[in-house]
Amino acid sequence: MPKLLFDNIDEPGLNTLEVYQRRGGYESLGHALSLSREDLLATIMDSNIRGRGGAGFPAGRKISFLPKGEMQKYLVCNADESEPGTFKDRELMQKSPHMLIEGIMIAAYAGNISTTFIYIRGEYELQADILEAAIAEAQRAGFVGENVLGSGHSISLVLHRGAGAYICGEETGLLDSLEGKRGNPRLKPPFPAIEGLYAGPTLINNVETLATLPAIVRMSGAEYAKIGVENSTGTKLISISGDVVRPGNYEIELGTPSREIIYGLAGGPPSGRKVKFWFPGGSSSPVLTGDDLDIPYDFDSMAKAGTMLGSGAIIVADESRRVLDTALKVAKFYAHESCGKCVPCREGTNWTEKMLRRIYTGEATPMDLDIMASVQEQIIGNCLCVLGDAMAMPIGSMVQKFRAELEAEIEEARRRNFGNEADEVIGLGVADELAGPLPVH
Amino acid sequence: MAARPTVPRFAHGSRVPGWDDAVDLTKDPATIPDPATTPVPEALRASIEASMAKYPDRRSAAIPALHAAQAIHGWCSPEAIDQVACVMQLTPAYLESVASFYDMLETHPRPVHDDVYVCTNISCSLLGGDEMLDALIGAAGGDETIHVSSFECLGACDIAPMASVNGEYVGPLIEEDAATIVEDLRAGRPVLAAKQLRNRRCVDDGTAPGQAPDAPPRQFGEPDHSLRADAVGLTDADRAEDRPGPSAPIETTPETPAEG
């Protein structure tokens, strides 16, 4: 498999225009500009590349949703990489910023867009500085700005730094934030392709998706589609972290068995411990266990296993870890990051965190797990955006797959904190009350 | 019976103190500050105006403008917000609503300070992020000019547990690094130079399987290694070293001066 994004990524000076161009950089942009928009779009469609940010929507179709004709349209590159466990875009932007800029220019030409933005999370200061320098360099060389490469098309590019809010990675929250407001998600429809930034049609893509476009144009869409497996074409950057010997970013061919990634590339958990559970696509994906390591790592196989590939961030926890600790971290994170606009998410994340804390203090009963599972069900699909779902899916899967362990935790904490009084204080007391006739509402 | 935690209650059983305090009806809502009576530092004005010029709508510059004001005032104080509001011609209330939404904008009084964000999210906490936070709070020892806070995933789980010190990512940290970080900050030198993310190599060696790692990259010829314009800071010595992982040493930057 060829490396498309990480090809010699540590080459010194790759962040400068000179080295990037020596490697054939911006040739794809020149080639793309010589094609008609329809041909370029057909190339992207042929590649069958799916969005790399998490939802996995075909990138070519996303461009084709934009209204045709001359009007003010926008492209926003989503570089607000905040999903816990994900850090692939960081490495790409830091080491090969021109690849992203070239991809943005290609996508902007395909969609007939003249104004583009990169929304980068505020914490990525080094990466933002590097990108800013690269944009200035590309502008001087005529790859960005007025009359790109003498083609008559003008495409501006502005880097916008966020200020630390996970919800701004959600596309409509990102648009509000870019407009200078609080980053609250919007009601959809209208979708951003029709009414997005400044109420204009807007194309929003992840860094990795856009950075892959130069490679697709260079090798042709049909060739690109030969990499990977059916319906999950191409290569994917994956970020692997947690209990593994060699954490970091790897470029893999989609469809690689998960075991090969976790054990082959990342070396597996240290000291020969076994994998207990792992998040296959960032903290918002339902967890898989050590028995699921042979599932091929691609969009459809992951969906079939009841989880998702998401942003391609694998977090591994080995057998020395407690599920409860991770569940609380997940719930606490989403409770903190919920923007508070929709009730199921604002209250659901908050109460899930509280219920998990009750397990630690010994106040929980096994019934709490049923309530928790029901809370998760009631969040999913009931909010403007998927932040609530992003907590509900992993927590729901943990309660389902590790119920016995969580029940043991509840029992142990209860004995520890309440001793022999335990049965009277809460556990059986509550259960007895509820065993009687329930009041009729 | 064991004591159960009590929830503090205020008037009418509410958990929110002061929820029923009357609004001061004698006051008018704050309007856009008058440029004649609101002195704005020249550098701040220039920076905000430059930000506003970049966007089709000036409001888009709210976050960069508040960042710039915070750098001068230490936090988004009423004074700082007034200055931004004056230049941007927006109401202070609008800017306050923005400032209170984002984690990197401070809405509580602080002197001009160094920010130490310690990641305590999943990957970092698995590997000791919470202990690192305690160690750093201890090392800072109540110094108001060093603001240590826990932060959600900073996007550097490969160097877990990690921290962002004034935007500089460092990791993987051990407890002894806490004291070094504070010392480096006080001495004004680059923080924990040996563990900065900017010097770290990608674990993916960037070559196709079966291809020797040192084979010339594709058809574009051998890169000129004498070029050192890279912000990545890699050197030839780095390239020869083993690739990192928790068990392998992190590359060091030989040029970094030991003393600031």
Side-chain angles (χ1 to χ4, degrees), chain A residues 1-3 6-13 15-16 19 22-24 81-82 84-87 90-91 95 122-123 125-126 130 158 161-166 178-183 198 239 241-243 245-251 283 315 317 321 326 329-330 333 336-337 417-418 421 425, chain B residues 1-2 4-5 54-57 59-64 66-67 97-98 101-105 117 121-123 125-127 151-158 160 164 167-169 197-198 201-204 206-209 217-218 220-221 223 225 227-232 234 239 245-247:
Chain A
M1 180 208 73
K3 300 270 175 182
F6 273 180
D7 179 28
N8 208 355
I9 186 79
D10 276 327
E11 180 174 347
N15 59 322
T16 61
V19 177
R22 180 143 29 88
R23 289 170 48 151
E81 182 178 55
S82 321
T86 315
F87 46 91
R90 185 205 75 209
E91 189 131 40
K95 296 184 175 168
E123 294 90 336
E125 291 182 28
L126 169 68
I130 290 175
V158 170
R161 300 176 196 224
Y166 172 74
L178 184 48
E179 288 178 8
K181 303 174 186 155
R182 295 163 69 88
Y198 309 125
S239 315
S241 62
D243 292 322
V245 178
R246 290 185 294 275
N249 287 312
Y250 296 91
E251 182 169 5
S283 67
I315 307 172
R321 309 297 183 181
T326 305
K329 281 284 171 196
V330 171
F333 171 71
H336 176 251
E337 297 294 344
N417 293 356
F418 293 99
E421 293 172 84
V425 177
Chain B
M1 180 167 160
R4 301 185 58 166
K54 289 202 288 187
Y55 303 94
D57 180 344
R59 278 172 198 245
S60 290
I63 293 175
L66 287 167
H67 251 305
S97 82
V98 174
F101 189 84
Y102 297 97
D103 285 353
M104 290 175 76
L105 298 172
Y117 300 143
N121 211 287
I122 304 172
S123 294
S125 73
L126 281 175
L127 301 167
F151 217 79
E152 299 301 355
C153 189
L154 286 156
C157 318
D158 45 347
S164 161
E168 187 75 62
Y169 281 26
L197 178 76
R198 65 168 76 220
R201 298 198 48 155
C202 183
V203 282
D204 193 322
T207 54
R218 295 195 311 186
F220 305 115
H225 288 279
L227 263 179
R228 280 278 114 61
D230 55 323
V232 184
L234 293 168
R239 298 176 66 79
S247 51

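Lettering follows sequence order; numbering is per chain, from 1. Please read all numbers here as calculations on a predicted model, not as lab measurements. Just the heavy atoms: all of them, side chains too, but no hydrogens, waters or symmetry mates, feed the values below.
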Bottom line for L197(B): the part with an atom under 4.5 Å from chain A's heavy atoms is both
F333(A) versus chain B, the contacting section by heavy-atom distance below 4.5 Å: both
Contacting moiety of T86(A), where chain B heavy atoms sit under 4.5 Å: backbone
For the side chain of S60(B) and the backbone of L178(A), is there at least one donor-acceptor N/O pair under 3.5 Å apart? yes
Interface moiety of A160(B) toward chain A, non-hydrogen atoms closer than 4.5 Å: neither
For E91(A), which atoms come within 4.5 Å of any heavy atom of chain B: side chain, backbone, both, or neither? side chain
Checking side chain to side chain contact (heavy atoms under 4.5 Å, CB included) for the pair L66(B)/V98(B): CA distance, chi angles, key distance, verdict? CA-CA 9 Å; L66(B) 287 167; V98(B) 174; 3.9 Å; yes
Strictly distance-based, threshold 3.5 Å: is any side-chain N or O of Y169(B) a donor or acceptor partner for the main-chain N or O of L154(B)? yes
Top contributor to chain B interface from A163(A), S241(A), G183(A) [non-hydrogen pairs under 4.5 Å]: A163(A)
Which atoms of R182(A) are under 4.5 Å from chain B, going by heavy atoms: the side chain, the backbone, both sets, or neither? both
Once rounded to the nearest 0.5 Å, what's the spacing between atom CG of L126(B) and atom CD1 of I315(A)? 8.0 Å
For the pair R161(A) and E125(A), find out whether any cationic side-chain nitrogen is under 4.0 Å from an anionic carboxylate oxygen. no
Given the options G248(A), G164(A), A165(A), S239(A), which has more heavy-atom pairs under 4.5 Å with chain B than any of the others? G164(A)
Using the ring-ring contact (aromatic ring centres under 6.0 Å, His included) criterion, which residues pair with Y102(B)? Sequence neighbours excluded. none
Heavy-atom pair count under 4.5 Å with chain B, highest-scoring of E179(A), R321(A), R90(A): R90(A)
Residues in salt bridge (Lys or Arg N to Asp or Glu O under 4.0 Å) contact with E152(B), at least two apart in sequence or another chain: none
